[in-house]
Amino acid sequence: MNLWLRLLWLLLTARRRGPVSLPRESSTLNFRVWPHDLDLSFHLNNGRYLTLMDLGRLDTMVRSGLWREVMRHKWTPIASAITIRFQRELRPFQPFRLETKLLCWDANLVVMEQIFVIDGGPRDGQVAARALFKGGLYDRKARKFVEIAQLMALLGVSETSPPATSEVEAFLHADDQLKQAGRV
């Protein structure tokens, strides 16, 4: 139930957080680790990170104006690949923020970085986890991913993708290798 409450909170407070101008600006969401977020080690459950990352990407779409188009065209957000590196634990009641940023894109998919940053206390500003996400919007009627150029045009953006960093290249290569291994 808490995830539905967080989703409702995200949607109700999006205007107050202001618009996000893609691709330069990032989304920042503030959270706190609640008891129902914990695993048996009494820190934020690893699965909860992925769920909160969904909220970060949704916030980016809502505040950039893209979500209206997603709903209008009945497109489906699809996660193609995610890699996450846990660096520090998030303990009960610890406030933290999730920063979501668009890094680069190709014809049909984007790569985003999502960082969990500790807010307050002796570890203030330290990174708890960093993730890379690859995904896109799928048009079920056309049975294909929506072209990123079309999405950018809907947002009034005419920029080309920045070059992929070495970390992004490694992520994409690992994803491709895993995809190839699954075809055997």
Side-chain angles (χ1 to χ4, degrees), residues 1-38 43-71 77-105 109-137 148 151-152 154-157 159 161-162 164-165 167-168 171:
M1 182 63 185
N2 71 320
L3 298 176
W4 288 107
L5 294 175
R6 283 176 168 157
L7 174 62
L8 182 60
W9 166 83
L10 180 142
L11 295 173
L12 291 174
T13 61
R15 279 187 192 258
R16 186 181 64 191
R17 288 189 307 283
V20 170
S21 178
L22 294 177
R24 286 186 201 89
E25 295 180 354
S26 59
S27 156
T28 300
L29 293 174
N30 295 302
F31 294 104
R32 181 177 299 272
V33 179
W34 295 112
H36 50 264
D37 294 324
L38 303 174
H43 57 217
L44 186 67
N45 179 288
N46 61 352
R48 186 71 83 210
Y49 281 88
L50 298 178
T51 302
L52 293 170
M53 287 168 53
D54 283 341
L55 294 178
R57 293 189 304 274
L58 177 62
D59 185 62
T60 299
M61 286 191 285
V62 168
R63 292 174 49 211
S64 70
L66 185 57
W67 190 247
R68 283 189 300 273
E69 297 298 328
V70 170
M71 298 303 288
I78 299 288
S80 178
I82 299 172
T83 187
I84 187 166
R85 173 73 170 97
F86 302 103
Q87 294 175 234
R88 288 171 184 79
E89 65 182 354
L90 290 169
R91 304 291 295 168
F93 306 106
Q94 173 69 57
F96 65 95
R97 66 182 181 273
L98 172 61
E99 299 171 358
T100 302
K101 181 179 182 180
L102 178 61
L103 295 179
C104 59
W105 58 90
L109 298 169
V110 300
V111 175
M112 302 177 92
E113 177 182 59
Q114 296 190 271
I115 302 174
F116 292 79
V117 181
I118 297 168
D119 260 345
R123 299 183 303 155
D124 183 50
Q126 293 182 3
V127 173
R130 179 175 181 249
L132 292 175
F133 164 90
K134 180 177 101 171
L137 295 173
I148 301 303
L151 299 176
M152 293 296 186
L154 289 170
L155 296 175
V157 175
E159 295 183 33
S161 174
T165 63
E167 293 88 0
V168 169
F171 166 61

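Just so it is clear, the values below take in all heavy atoms, side chains as well, and ignore hydrogens, waters and symmetry mates.
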| query | Looking at residues at least two apart in the chain, or sitting in another chain, which of them share a side chain to side chain donor-acceptor pair (under 3.5 Å) with R130? | reply | E113
| Do S26 and E99 meet the criterion of a side-chain donor-acceptor pair at a distance under 3.5 Å? | no
| note | On a heavy-atom basis, the closest approach of L3 and T51 is CD1-CG2, 3.3 Å
| said: Once salt bridge (Lys or Arg N to Asp or Glu O under 4.0 Å) is applied, do any residues pair with E25, and if so which ones, sequence neighbours excluded? | reply: none
| Are P77 and M61 side-chain neighbours, meaning at least one heavy-atom pair lies under 4.5 Å? | yes
| In Å, rounded to the nearest 0.5 Å, how long is the span from CG of L29 to CG of D59? | 4.0 Å
| message | For a quick test of reading the model, state the closest non-hydrogen atom pair linking G56 to S27 and the distance between them. | response | O-OG, 3.9 Å
| message | Any non-hydrogen side-chain atom of D54 less than 4.5 Å from a side-chain atom of L50? | response | no
| query | What residues form a side chain to side chain contact (heavy atoms under 4.5 Å, CB included) with T165, not counting sequence neighbours? | reply | E167, V168
| Between K101 and R24, which heavy-atom pair has the shortest distance, and what is it? | CE-O, 4.4 Å
| request: Taking R63 for its side chain and R15 for its backbone only, find out whether a donor-acceptor pair lies under 3.5 Å. | output: no
| said: Under the side chain to side chain donor-acceptor pair (under 3.5 Å) definition, can you give me all pairs with a residue in residues 77-88, not counting sequence neighbours? | reply: R88-Q126
| L98 vs I115 side-chain heavy atoms within contact, under 4.5 Å | no
| Side-chain heavy-atom pair D124, I118 within 4.5 angstrom cut-off | no
| query | Which one of I82, T100, L102, I84 satisfies the side chain to side chain contact (heavy atoms under 4.5 Å, CB included) criterion with F133? | reply | I82
| Sub-4.5 Å side-chain heavy-atom contact between D119 and N30 | yes
| query | Does a side-chain heavy-atom distance below 4.5 Å link L103 with V110? | reply | no
| query | Which atom pair, heavy atoms only, marks the closest approach of M53 to Q114? | reply | O-NE2, 3.0 Å
| request: For Y49, check ring pair (Phe, Tyr, Trp, His ring centres under 6.0 Å) against everything at least two apart and list the hits. | output: F86, F116
| request: Check side chain to side chain donor-acceptor pair (under 3.5 Å) between T28 and all other residues, then give those that pass, not counting sequence neighbours. | output: none
| query | So do the side chains of L109 and I148 get within less than 4.5 Å of each other, counting heavy atoms only? | reply | no
| What residues, two or more places apart in sequence or in another chain, satisfy salt bridge (Lys or Arg N to Asp or Glu O under 4.0 Å) together with R123? | none
| task | Check whether any side-chain heavy atom of R48 sits under 4.5 Å from a side-chain heavy atom of W34, and report yes or no. | result | no
| Centre of W9's six-membered ring, under 6.0 Å away, within 45 degrees of the axis: is that where NZ or CZ of R17 sits? | yes
| message | My understanding is that only residues two or more places apart in sequence, or in another chain, count here; which of them pass salt bridge (Lys or Arg N to Asp or Glu O under 4.0 Å) with K134? | response | D175
| Contacts of type salt bridge (Lys or Arg N to Asp or Glu O under 4.0 Å), residue R32, not counting sequence neighbours | none
| task | Please identify each residue that fulfils side chain to side chain donor-acceptor pair (under 3.5 Å) with T60, with sequence neighbours left out. | result | none
| R68: side chain to side chain donor-acceptor pair (under 3.5 Å) partners, not counting sequence neighbours | none
| Which heavy-atom pair separates E159 from P23 by the least distance, and what is that distance? | OE1-CG, 3.6 Å
| field | side chain to side chain contact (heavy atoms under 4.5 Å, CB included) involving V33 - partner list, sequence neighbours excluded | value | D37, L38, L44, L90, Q94, F96
| From L151 CG over to L66 CG, what is the distance, rounded to the nearest 0.5 angstrom? | 5.5 Å
